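This report refers to the structure that appears directly beneath it.
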Amino acid sequence: MSDVLAVAEQREGALRKVSSEVVTGARRLADALAARVEALVVAAGPVQGADQLGGFGADKVITLANPAFGRYAPEGYARVIADRARAGGYRAVVFAASAAGRDLAPRVAARLGVALAQDITDVTVEGGAVTVMHPVYAGKALLKLKLTATPAVVSLRPNVFTPVQRPKAGAAEIVPVDAAAGRVVVTGIKAAAGALDVAEASIVISGGRGLKEPANFKVLEALAAAFGGRAAVGASRAVVDAGWRPHADQVGQTGKTVSPTLYIAVGISGAIQHLAGMRTSKVIVAINKDKDAPIFKVADYGVVGDLFEVVPKLTEEIRKLHG
Amino acid sequence: MKIAVCVKRVPDSETRVKIASDGKSLDEAGVKFILNPYDEFAVEEALRRREQAGTGEVVVVSLGPAAAQETIRTALAMGADRGVLLQTDRIPADGLEVAKALAAELTNGGYDLVLFGRMAIDDYNHQVGPMVAELLDLPCVTAVAHLDIAGQRGSAEREIEGGVEIVEFPLPAVLTTDKGLNEPRYPALKGIMAAKKKPLEVKPTTPAAGGLEVVAMTPPPQRKEGKVVGEGPAAVPELLRLLREEAKVL
Ligand SMILES: Cc1cc2nc3c(=O)[nH]c(=O)nc-3n(C[C@H](O)[C@H](O)[C@H](O)COP(=O)(O)OP(=O)(O)OC[C@H]3O[C@@H](n4cnc5c(N)ncnc54)[C@H](O)[C@@H]3O)c2cc1C
Ligand SMILES: Nc1ncnc2c1ncn2[C@@H]1O[C@H](COP(=O)(O)O)[C@@H](O)[C@H]1O
């Protein structure tokens with residue numbers, strides 16, 4: 001067998017959005033290998049949305065179920081996924097480079113004794129070998145890497161593998177597994193104020209020092225709201241260090257790497273360390289009153305002007321569009 | 001408390017990346033190297049834990065070239081007790097091989113904690129810590145931004161999408177540290193002088209190449225020259241038209 005195993009992700013019994021990206025990436029790889037895709041979910045029981053993975057190209061959707069697996073359990077998840085991967089003789093195992101995926105993929109790779117290419121932005125097959133692109137040096141260079149061991153274990157940078165509809169059977173199977181008590185236990189989750197994470201939102205609107213004071217971020221929040229729940233508000237390090245916004249919202253070299261469909265930089269100069277976190281966005285818009293700000297060098301579209309005039313106008317127009 | 005901290009020598013984040021003539025690696029000419037910033041959080045945390053316990057030892061381990069002695073000395077200047085350099089001219093691209101070399105040094109070391117950075121800022125791999133934990137069969141929590149330890153039990157917080165996960169674990173354990181855990185101290189002059197006399201053992205090491213082969217290193221794809229749509233709020237309708245019709249993102 002030479003199938004591709006796509007490890008999907010759930011939280012509280014609902015499938016997470018990155019799962020469709022993982023299956024899309026796995027499908028692309030499987031097509032190049034003339035292989036099938038098995039999507040794998042680890043959960044307490046049936047997961048809402050798992051039946052839709054067939055739509056993105058999963059030939060089969062397997063849920064490894066145990067009541068103890070409702071919440072992420074690092075050791076238990078790693079063990080059942082590694083066992084499955086070993087038994088199935090897969091050619092490749094694909095994770096999301098999400099908080100959980102980045103934690104889980106190295107554990108599974110180590111258990112299997114094979115290399116891991118983490119946080120990749122492209123995957124192909126060249127001369128029979130799984131070959132990937134992986135950004136290094138804060139996005140200042142790209143490494144092309146060949147994985148020579150089997151299975152090839154990779155994790156996909158969120159938001160890069162845009163989900164593509166590729167209907168396959170997606171036959172569902174629930175497999176009960178045992179869950180030996182792990183030593184590492186997730187005892188709770190504190191939810192952040194803005195539920196949508198900048199690393200996962202398809203639209204990110206980031207504010208910088210040009211916002212002048214923390215209260216003015218309401219201007220960006222209004223714009224985000226106008227997009228109807230698809231947008232998150234991010235921040236430059238300057239405003240995070242000033243305590244205006246939480247570190248979780250920081251975009252850049254020492255913050256998060258984001259690749260949304262649309263990135264709007266407002267009152268941000270565009271320092272190299274900020275660019276490191278957002279330069280792979282599909283479309284970049286910059287709003288800045290300084291026409292020479294470096295952000296305009298990477299922006300697809302720029303508006304030179306006072307953000308306090310431009311952003312409210314933009315919000316109004318977006319509302320009309322969605323209203 | 002006996003604590004090991006694994007540290008990596010990495011190019012400074014301000015480095016202008018120039019690709020070497022082999023087309024596969026960084027041209028190191030003129031590059032300044034530093035202690036990986038995430039590893040500074042790990043060193044700081046180890047020092048605080050030792051200070052709180054009032055007794056113990058902080059051992060710094062690095063796999064790298066002879067020049068990584070300087071990196072280890074930086075951690076010793078912060079206050080670590082001794083260092084071990086697993087000396088090799090080539091750090092393999094495969095993180096598992098790095099993990100194997102480190103695990104071989106750490107095994108049977110009797111450590112209560114083995115600390116790593118969340119990631120190295122050169123390779124962005126986020127993997128060596130949890131791999132070492134698997135190889136040593138130790139419990140592991142990654143990207144720790146808050147830590148409490150009472151006796152042989154620990155509680156950590158780690159950032160996940162849209163929230164913070166609370167994780168409990170027994171000691172001995174492997175942890176990888178994230179920004180926010182602490183504010184690393186600067187080595188004082190006294191520390192820098194003292195570090196010169198602290199023990200630093202050099203052990204020649206030959207890690208295997210492993211299962212990751214570098215085919216090429218390339219500059220990031222250039223973004224095509226953008227355009228300034230206009231000035232002030234008057235430019236907004238045209239911006240929206242372009243986003244809808246040209247970029248097709250709305
Ligand atoms: C090791 C290291 C790591 C770093 N990591 C990060 C990181 O992860 N993320 C990050 O963002 N930075 C990072 N930085 C900091 C970075 O170098 C910059 O200092 C920072 O990004 C600047 O933030 P800013 O653009 O908000 O502020 P500024 O550079 O001060 O820019 C403010 C901008 O707002 C514009 N402006 C002002 N008023 C208005 C108005 N009314 N309307 C429109 N525009 C206006 C100005 O023209 C200016 O361009 C890092 C730096 C170092 C050394
Ligand atoms: N060559 C190395 N020597 C010692 N520690 C390392 C080395 N490479 C990585 N590490 C440790 O592993 C962490 C994660 O690195 P990485 O998986 O490469 O992103 C780093 O922050 C270090 O603590």
Side-chain angles (χ1 to χ4, degrees), chain A residues 98-99 102-103 106-107 109-111 114-119 131 135-149 183-192 195-197 199-200 247-248 253-254 261-262 279 282-283 296 298-305 309-310 313-314 317 321, chain B residues 11 13 15 17 19 93-96 99 121-127 130-131 134-135 139-143 159-170 179-180 210-220 223 226-233 235-237 239-240 242-243 247 249-250:
Chain A
S98 56
R102 277 202 307 256
D103 183 86
R107 298 174 191 260
R111 277 170 187 259
V114 296
L116 161 67
Q118 186 98 291
D119 202 23
T131 305
V136 291
Y137 304 116
K140 289 184 257 183
L142 273 177
L143 271 191
K144 183 171 183 178
L145 296 166
K146 191 158 105 181
L147 288 100
T148 53
R183 297 164 294 187
V184 179
V185 181
V186 176
T187 54
I189 295 172
K190 290 195 255 179
L196 188 58
D197 193 88
E200 294 196 314
H247 180 248
Q253 184 174 310
T254 41
T261 315
L262 176 60
R279 69 185 315 150
K282 287 187 188 80
V283 174
F296 287 123
V298 297
D300 300 283
Y301 305 109
V303 175
V304 179
E309 294 170 14
V310 177
K313 174 75 178 162
L314 184 58
E317 295 290 326
L321 212 67
Chain B
S13 64
T15 301
V17 171
I19 293 159
D94 181 349
L96 184 57
I121 63 158
D122 54 353
D123 61 31
Y124 270 59
N125 271 345
H126 303 83
Q127 55 178 267
M131 284 176 163
E134 286 293 335
L135 295 171
C140 169
V141 186
T142 59
E159 207 181 89
I160 59 170
E161 296 82 7
V164 171
E165 217 167 56
I166 301 154
V167 190
E168 297 194 354
F169 60 93
K179 193 181 173 186
L212 269 189
E213 201 180 291
V214 177
V215 180
M217 185 185 281
T218 51
R223 294 193 73 94
K227 58 180 143 196
V228 169
V229 178
E231 285 188 22
V236 168
L239 172 65
L240 279 178
L242 289 166
L243 289 177
V249 292
L250 289 186

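Numbered from 1 within each chain, the chains take letters A, B, ... in sequence-line order. The shown structure was predicted, so the numbers you read here are calculated from the model rather than taken from an experiment.
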field: Short side-chain to backbone donor-acceptor contact, A/Gln118 and B/His126, under 3.5 Å
entry: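 Yes, because the side chain of A/Gln118 sits within donor-acceptor range (under 3.5 Å) of the backbone of B/His126.
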Pick one of side chain, backbone, both or neither for [X], based on which atoms fall under 4.5 Å of a heavy atom in chain A.
X	answer
B/Asp94	side chain
B/Ala247	both
B/Leu212	both
B/Leu239	side chain
B/Ile166	both

If you count heavy-atom pairs under 4.5 Å with chain B, which of [options] comes out on top?
options	value
A/Pro135, A/Gly139, A/Ala138, A/Ala109	A/Ala138
A/Lys313, A/Arg102, A/Lys146, A/Glu309	A/Lys146
A/Ala248, A/Ala199, A/Ala149	A/Ala248
A/Leu147, A/Val298, A/Thr261, A/Asp103	A/Asp103
A/Thr148, A/Val283, A/Leu143, A/Leu142	A/Leu142

Hey, which of [options] has the most heavy atom pairs under 4.5 Å with chain A?
options	answer
B/Ala99, B/Ala93, B/Cys140	B/Cys140
B/Ala235, B/Gly210, B/Gly230, B/Gly95	B/Gly230
B/Val164, B/Asn125, B/Ile19	B/Val164
B/Gly226, B/Pro130, B/Pro220, B/Pro170	B/Pro220

task: Taking all non-hydrogen atoms of both residues into account, name the closest pair between B/Leu96 and B/Gln127 and its distance.
output: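 Closest heavy-atom pair between B/Leu96 and B/Gln127: N-OE1, 4.0 Å.
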query: What pair of heavy atoms forms the shortest contact from B/Met131 to A/Pro106, and how long is it?
result: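 Heavy-atom minimum between the residues: CG-O, 3.5 Å.
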field: Criterion side-chain contact (heavy atoms from CB on, under 4.5 Å) on A/Val310 and B/Val236, from CA distance to verdict
entry: CA-CA 7 Å; A/Val310 177; B/Val236 168; 3.9 Å; yes
For the atom pair [atom1] ([X]) and [atom2] ([Y]), what is the distance rounded to the nearest 0.5 Å?
X	Y	atom1	atom2	answer
A/Thr254	B/Ile121	OG1	CD1	9.5 Å
A/Gln253	B/Tyr124	CD	OH	5.0 Å
A/Lys144	A/Thr131	NZ	OG1	6.5 Å
A/Tyr301	B/Leu240	OH	CG	11.5 Å
A/Leu262	B/Leu250	CG	CG	6.5 Å
A/Arg279	A/Lys140	CZ	NZ	9.5 Å

With a 4.5 angstrom heavy-atom cut-off, is it the side chain or the backbone of [X] that approaches chain B, or both, or neither?
X	result
A/Val186	both
A/Ala299	backbone
A/Glu200	side chain
A/Leu314	both

Minimum side-chain heavy-atom gap B/Phe169-A/Val185 below 4.5 Å: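 No. Closest side-chain heavy atoms not under 4.5 Å.
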